[in-house]
Q: 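Input: one structure, supplied below.
Start at 1 with the first residue, then count along the sequence. In what follows, every heavy atom counts, from backbone to side chain, and hydrogens, waters and symmetry copies are set aside.
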Amino acid sequence: MKENTTTRISANALRKADRGESRTEIERLRRMTESELEEAIASDPDWNRVPQDWYLKAQAVMPTPKKLVSVRLDADLLAWFKSLGRGYQTRMNAVLRSFMDEEKKRGAGGRSR
C-alpha cells in the first residue's frame with residue numbers, strides 16, 4: 001500500500017489564517033516546559049498519524065509562479081469557494097493541482113477522455 005505523504009490542513013484553520021488570525025498561542029507555548037510540550041504533542045490526534053521519521057522524506061517545495069487567466073465557473077461553485085474567505089483562489093488552485101497530480105499518477109496526463 002502506498003504511503004500518504006500529503007500534509008492536510010483543516011478548512012477552519014485556513015479560514016482563520018485567511019482572516020489574519022494566528023493559529024498559535026505563542027506566549028502560552030513559551031511558558032510550557034519540555035515535558036508539557038511532549039505531552040501536548042503526544043495527545044494531538046493529528047500528530048498520531050505522523051510517522052516518527054517524517055522529516056527524512058520532507059522536501060522543500062517552492063511555490064510556482066502564477067499566470068493570470070480568465071475562466072468561466074458556475075456561480076454556485078465560485079460563491080462556495082468565496083464563502084470560505086480570503087485565499088479562495090489559492091484553494092481553487094490547490095484543488096485543481098490535486099486533480100492534476102492524481103490524473104498524472106493514473107497516466108492520464110494530457111489525454112482527452
Side-chain angles (χ1 to χ4, degrees):
M1 182 161 79
K2 188 168 187 302
E3 182 179 314
N4 184 359
T5 57
T6 304
T7 300
R8 301 199 188 279
I9 188 167
S10 72
N12 188 41
L14 282 173
R15 284 191 288 274
K16 282 185 169 186
D18 289 342
R19 292 192 302 261
E21 296 177 30
S22 173
R23 294 178 291 155
T24 305
E25 300 170 34
I26 199 73
E27 288 306 317
R28 182 179 62 84
L29 293 174
R30 285 186 176 140
R31 290 190 303 266
M32 292 176 82
T33 66
E34 191 72 26
S35 61
E36 288 172 328
L37 283 170
E38 287 178 11
E39 183 180 323
I41 291 168
S43 67
D44 183 339
D46 290 332
W47 186 251
N48 292 334
R49 294 188 305 260
V50 178
Q52 290 284 334
D53 62 348
W54 66 269
Y55 58 91
L56 297 175
K57 296 178 185 174
Q59 297 177 7
V61 179
M62 298 303 294
T64 56
K66 304 295 187 247
K67 184 170 181 169
L68 182 62
V69 297
S70 175
V71 62
R72 294 185 181 274
L73 303 170
D74 295 335
D76 61 332
L77 176 79
L78 183 59
W80 184 80
F81 272 98
K82 282 186 170 184
S83 76
L84 299 176
R86 283 183 40 211
Y88 73 94
Q89 292 172 322
T90 300
R91 280 188 289 280
M92 292 171 79
N93 189 80
V95 168
L96 290 169
R97 175 163 296 286
S98 178
F99 178 79
M100 178 188 75
D101 291 345
E102 288 303 314
E103 288 291 295
K104 283 182 173 181
K105 286 179 193 174
R106 290 180 29 203
R111 285 186 259 145
S112 61
R113 293 178 180 235

Q: Do Val71 and Leu68 belong to the same hydrophobic cluster, where Ile, Leu, Val, Met, Phe, Trp and Tyr are linked whenever their side-chain heavy atoms lie under 4.5 Å apart, directly or via other members?
A: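 Looking at the clustering, Leu68 is in a separate group from Val71.
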Q: I need the full list of salt bridge (charged side-chain N to carboxylate O under 4.0 Å, His left out) pairs touching residues 93-102, with sequence neighbours left out, sorted by first then second residue.
A: Glu102-Lys105
Q: With sequence neighbours left out, what residues match Gln52 under side chain to side chain donor-acceptor pair (under 3.5 Å)?
A: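 Once residues adjacent in sequence are excluded, Gln52 has no partner under the side chain to side chain donor-acceptor pair (under 3.5 Å) criterion.
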Q: Going by the rule side chain to side chain donor-acceptor pair (under 3.5 Å), which residues pair with Arg28 if we only count those two or more places apart in sequence or in a different chain?
A: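 Result, side chain to side chain donor-acceptor pair (under 3.5 Å) vs Arg28: Glu25.
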Q: Is there a donor-acceptor pair under 3.5 Å between the side chain of Arg91 and the backbone N or O of Lys82?
A: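 Between the backbone of Lys82 and the side chain of Arg91 there is no qualifying donor-acceptor contact (under 3.5 Å).
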Q: Whether the side chain of Ser98 engages the backbone of Val95 through a donor-acceptor N/O pair (distance < 3.5 Å, no angle test) should be reported.
A: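 Side chain of Ser98 to backbone of Val95, a donor-acceptor pair under 3.5 Å: no, none is there.
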Q: Other than Met62, what residues sit in its cluster of Ile, Leu, Val, Met, Phe, Trp and Tyr side chains whose heavy atoms are under 4.5 Å apart, directly or through others?
A: none
Q: Looking only at heavy atoms, which two atoms of Trp54 and Trp47 are closest? And how far apart?
A: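 Reported closest heavy-atom pair: NE1-CH2, 3.6 Å.
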Q: Same cluster for Val61 and Tyr55 if Ile/Leu/Val/Met/Phe/Trp/Tyr side chains link at under 4.5 Å?
A: no
Q: Holding to side chain to side chain donor-acceptor pair (under 3.5 Å), I want the full list of residues that pass it with Arg31, two or more places apart in sequence or in another chain.
A: none
Q: Linking I/L/V/M/F/W/Y whenever their side-chain heavy atoms sit closer than 4.5 Å, directly or via other members, would Leu73 and Leu96 fall into one cluster?
A: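 Hydrophobic grouping puts Leu73 apart from Leu96.
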Q: Under the side chain to side chain donor-acceptor pair (under 3.5 Å) test, which residues partner Thr64, sequence neighbours left out?
A: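 Expected list: none.
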Q: With the side chain counted from C-beta on, respond yes when Arg30 and Ile26 share a heavy-atom pair under 4.5 Å apart, and no when they do not.
A: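 Side-chain contact under 4.5 Å: yes.
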Q: Within a 6.0 Å radius of atom CD on Glu39, are there more than 12 heavy atoms belonging to other residues, nucleotides or ligands?
A: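 Not buried by this count: 12 neighbours or fewer within 6.0 Å.
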Q: Flag yes if Leu29 and Ile41 sit in one hydrophobic cluster, no otherwise; membership is Ile, Leu, Val, Met, Phe, Trp, Tyr, and two members link when side-chain heavy atoms are under 4.5 Å apart.
A: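 In one cluster: no.
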